[in-house]
Amino acid sequence: MKTNYLKKYIISSYILVWALIIFVAGTASLVFHAPPVIMWIVRNLIAWSPTYLLLLGWKHFRPDETRKAFIKRCFSGKVKLFPLLCSFALTFGISVLSLLIFSVITGKPMLSYVSLGSSALPLSIFLSFTSGPTGEELGWRGFMREEFNKKYGFLKSAVCQGLVWCFWHALLWVVDSEYTDWRAVPYVISNIVVITCMTVLMNIFLERQNNLIYSVLLHFGFNIIYVFLDADIGFFVILTILYPVVTSFAVLIRSKAVKGLPA
């Protein structure tokens with residue numbers, strides 16, 4: 001019977017991250033009452049769990065290849081400045097546009113929803129970049145993308161990847177969210193829709209140039225605004241509308257540009 005390495009990796013990644021959230025982050029917060037910066041560092045270490053799992057358990061997930069060959073392939077595509085800037089600007093721009101629309105609806109200036117927080121700006125940017133953007137991509141868009149692409153066409157593969165990725169965050173929706181009332185429903189829906197759409201966008205970039213730097217910057221463009229964001233659930237509702245629109249347009253362009261590939 002052929003081993004399903006993808007299934008093993010997905011199940012293992014869920015078990016690992018949930019264990020780390022409960023026992024490491026939970027202990028740091030509830031027992032040691034760690035300050036916000038320390039908790040941020042703890043969350044960053046947890047965000048790297050897909051990479052720890054993949055590299056430390058390599059022989060269990062990809063026994064027919066070396067780590068070096070895999071990593072080299074993940075960064076083999078050409079790095080071009082304009083697409084690189086576009087990868088960051090795409091997700092960052094959607095968030096800014098959503099905030100602009102939200103501010104118009106509420107009648108308040110955009111900057112009223114931006115808070116620099118208690119950490120220094122360079123430290124906040126550094127911690128944001130070294131969390132999910134650099135910690136998760138080797139596992140999700142490196143290993144998992146390749147495995148799903150072996151099974152399905154472009155769109156189905158991307159959607160499957162997105163759903164695995166978004167529900168990997170599921171425990172955080174419960175323990176690390178301020179939305180514990182009715183707002184939890186649109187918040188969870190927003191996470192599912194936005195993360196899945198963002199995965200499709202990442203795969204479009206990676207299909208053209210197989211280099212994880214593009215998905216890292218696209219991921220960072222999405223994450224960075226939430227470091228300073230202080231908006232209500234309406235912002236996430238707007239994101240839920242904008243992401244499918246932008247993603248559908250991107251898929252249409254991709255389908256026309258890459259004729260013959262399954263969409």
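These numbers come from the heavy atoms of this one structure, side chains and all, not from hydrogens, waters or symmetry mates. On a predicted model such as this, the values are computed, not experimentally measured, just so you know.
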Of all the heavy-atom pairs spanning [X] and [Y], show the shortest one and how long it is.
{"X": "Ser177", "Y": "Tyr187", "result": "OG-CE2, 3.6 Å"}
{"X": "Cys197", "Y": "Thr247", "result": "CB-OG1, 3.2 Å"}
{"X": "Tyr214", "Y": "Val79", "result": "OH-CA, 3.4 Å"}
{"X": "Ile195", "Y": "Thr199", "result": "O-OG1, 2.8 Å"}
{"X": "Ser131", "Y": "Ala47", "result": "C-CB, 3.9 Å"}
{"X": "Lys151", "Y": "Asn4", "result": "NZ-ND2, 4.5 Å"}

Phe167: partners by ring-ring contact (aromatic ring centres under 6.0 Å, His included), with sequence neighbours left out: Trp173
Contact check, side chains of [X] and [Y], non-hydrogen atoms, under 4.5 Å:
{"X": "Lys150", "Y": "Glu147", "value": "yes"}
{"X": "Thr51", "Y": "Glu136", "value": "no"}
{"X": "Glu137", "Y": "Met202", "value": "yes"}
{"X": "Leu217", "Y": "Pro133", "value": "no"}
{"X": "Leu138", "Y": "Phe70", "value": "yes"}
{"X": "Leu16", "Y": "Ser49", "value": "yes"}
{"X": "Asn211", "Y": "Lys78", "value": "no"}
{"X": "Phe154", "Y": "Val200", "value": "yes"}

Derivation of the side chain to side chain contact (heavy atoms under 4.5 Å, CB included) call for Cys74 and Asn210: CA-CA 6 Å; Cys74 287; Asn210 188 41; 5.7 Å; no
Table please: side-chain donor-acceptor pairs of residues 100-113 below 3.5 Å, with sequence neighbours left out.
from, atom 1, to, atom 2, distance (Å)
Ser103, OG, Leu99, O, 3.4
Ser103, OG, Leu100, O, 2.7
Thr106, OG1, Phe102, O, 3.0
Thr106, OG1, Ser103, O, 3.3
Thr106, OG1, Tyr113, OH, 2.7
Ser112, OG, Pro109, O, 2.5

Quick one: pull up [atom1] in [X] and [atom2] in [Y] and give me the separation to the nearest 0.5 Å.
{"X": "Leu206", "Y": "Leu201", "atom1": "CG", "atom2": "CG", "result": "11.0 Å"}
{"X": "Ser157", "Y": "Tyr152", "atom1": "OG", "atom2": "OH", "result": "9.0 Å"}
{"X": "Cys160", "Y": "Leu6", "atom1": "SG", "atom2": "CG", "result": "9.0 Å"}
{"X": "Ser76", "Y": "Ile71", "atom1": "OG", "atom2": "CD1", "result": "12.5 Å"}
{"X": "Ile21", "Y": "Ser29", "atom1": "CD1", "atom2": "OG", "result": "12.5 Å"}
{"X": "Ile41", "Y": "Ile46", "atom1": "CD1", "atom2": "CD1", "result": "12.5 Å"}

Modelled atom types, side-chain donor and acceptor of Arg254 and Asn203, under 3.5 Å: no
Pairs involving residues 11-35, ordered by first then second residue, that meet salt bridge (charged side-chain N to carboxylate O under 4.0 Å, His left out) (sequence neighbours left out): none
Within residues 35-48 or reaching into it, pairs that qualify as salt bridge (charged side-chain N to carboxylate O under 4.0 Å, His left out) - sequence neighbours excluded: none
Taking only residues two or more places apart in sequence, or in another chain, which ones meet [X] in a side-chain contact (heavy atoms from CB on, under 4.5 Å)?
{"X": "Ile22", "result": "Leu171"}
{"X": "Lys72", "result": "none"}
{"X": "Ser13", "result": "Leu53, Trp140, Trp168"}
{"X": "Arg67", "result": "Leu55, Trp58"}

Hydrophobic clustering (ILVMFWY, side-chain heavy atoms < 4.5 Å, transitive) - are [Y] and [X] grouped together?
{"X": "Val37", "Y": "Leu121", "value": "yes"}
{"X": "Val175", "Y": "Tyr14", "value": "yes"}
{"X": "Leu127", "Y": "Met39", "value": "no"}
{"X": "Val17", "Y": "Met144", "value": "yes"}
{"X": "Val174", "Y": "Leu20", "value": "yes"}

Ring pair (Phe, Tyr, Trp, His ring centres under 6.0 Å) pairs, two or more places apart, involving residues 76-97: Phe88-Phe92, Phe88-Phe220
Verdict with reasoning, Phe205 to Leu84, per side chain to side chain contact (heavy atoms under 4.5 Å, CB included): CA-CA 9 Å; Phe205 277 92; Leu84 203 63; over 6 Å; no
Report all side-chain donor-acceptor pairs from residues 221-246 shorter than 3.5 Å, counting only partners two or more places apart or in another chain.
from, atom 1, to, atom 2, distance (Å)
Asp232, OD1, Arg183, NH1, 3.0
Thr240, OG1, Ser190, OG, 3.1
Thr240, OG1, Phe236, O, 2.7

Check against side chain to side chain contact (heavy atoms under 4.5 Å, CB included), His169 and Leu172: CA-CA 5 Å; His169 294 83; Leu172 292 176; 4.3 Å; yes
Remaining members of hydrophobic cluster (4.5 Å side-chain criterion), Leu30: none
Apart from Ile11 itself, residues in the same hydrophobic cluster as defined by side-chain heavy atoms under 4.5 Å: Ile15
Check ion pair Glu146-Arg141 (N to O, under 4.0 angstrom): no
Distance under 6.0 Å and angle within 45° of ring axis: Arg62 vs Tyr5: no
Trace of the side chain to side chain contact (heavy atoms under 4.5 Å, CB included) decision for Asn149 with Gln161: CA-CA 10 Å; Asn149 283 354; Gln161 294 165 50; 3.8 Å; yes
Identified side chain to side chain contact (heavy atoms under 4.5 Å, CB included) partner of Ile189 from the options Ile192, Val185, Asn191: Val185
Ser128 side chain vs Ile125 backbone, donor-acceptor pair below 3.5 Å: no
Side-chain donor or acceptor of Tyr179 paired with backbone N/O of Val188 under 3.5 Å: no
Ring centers of Trp165, His219 separated by less than 6.0 Å: yes
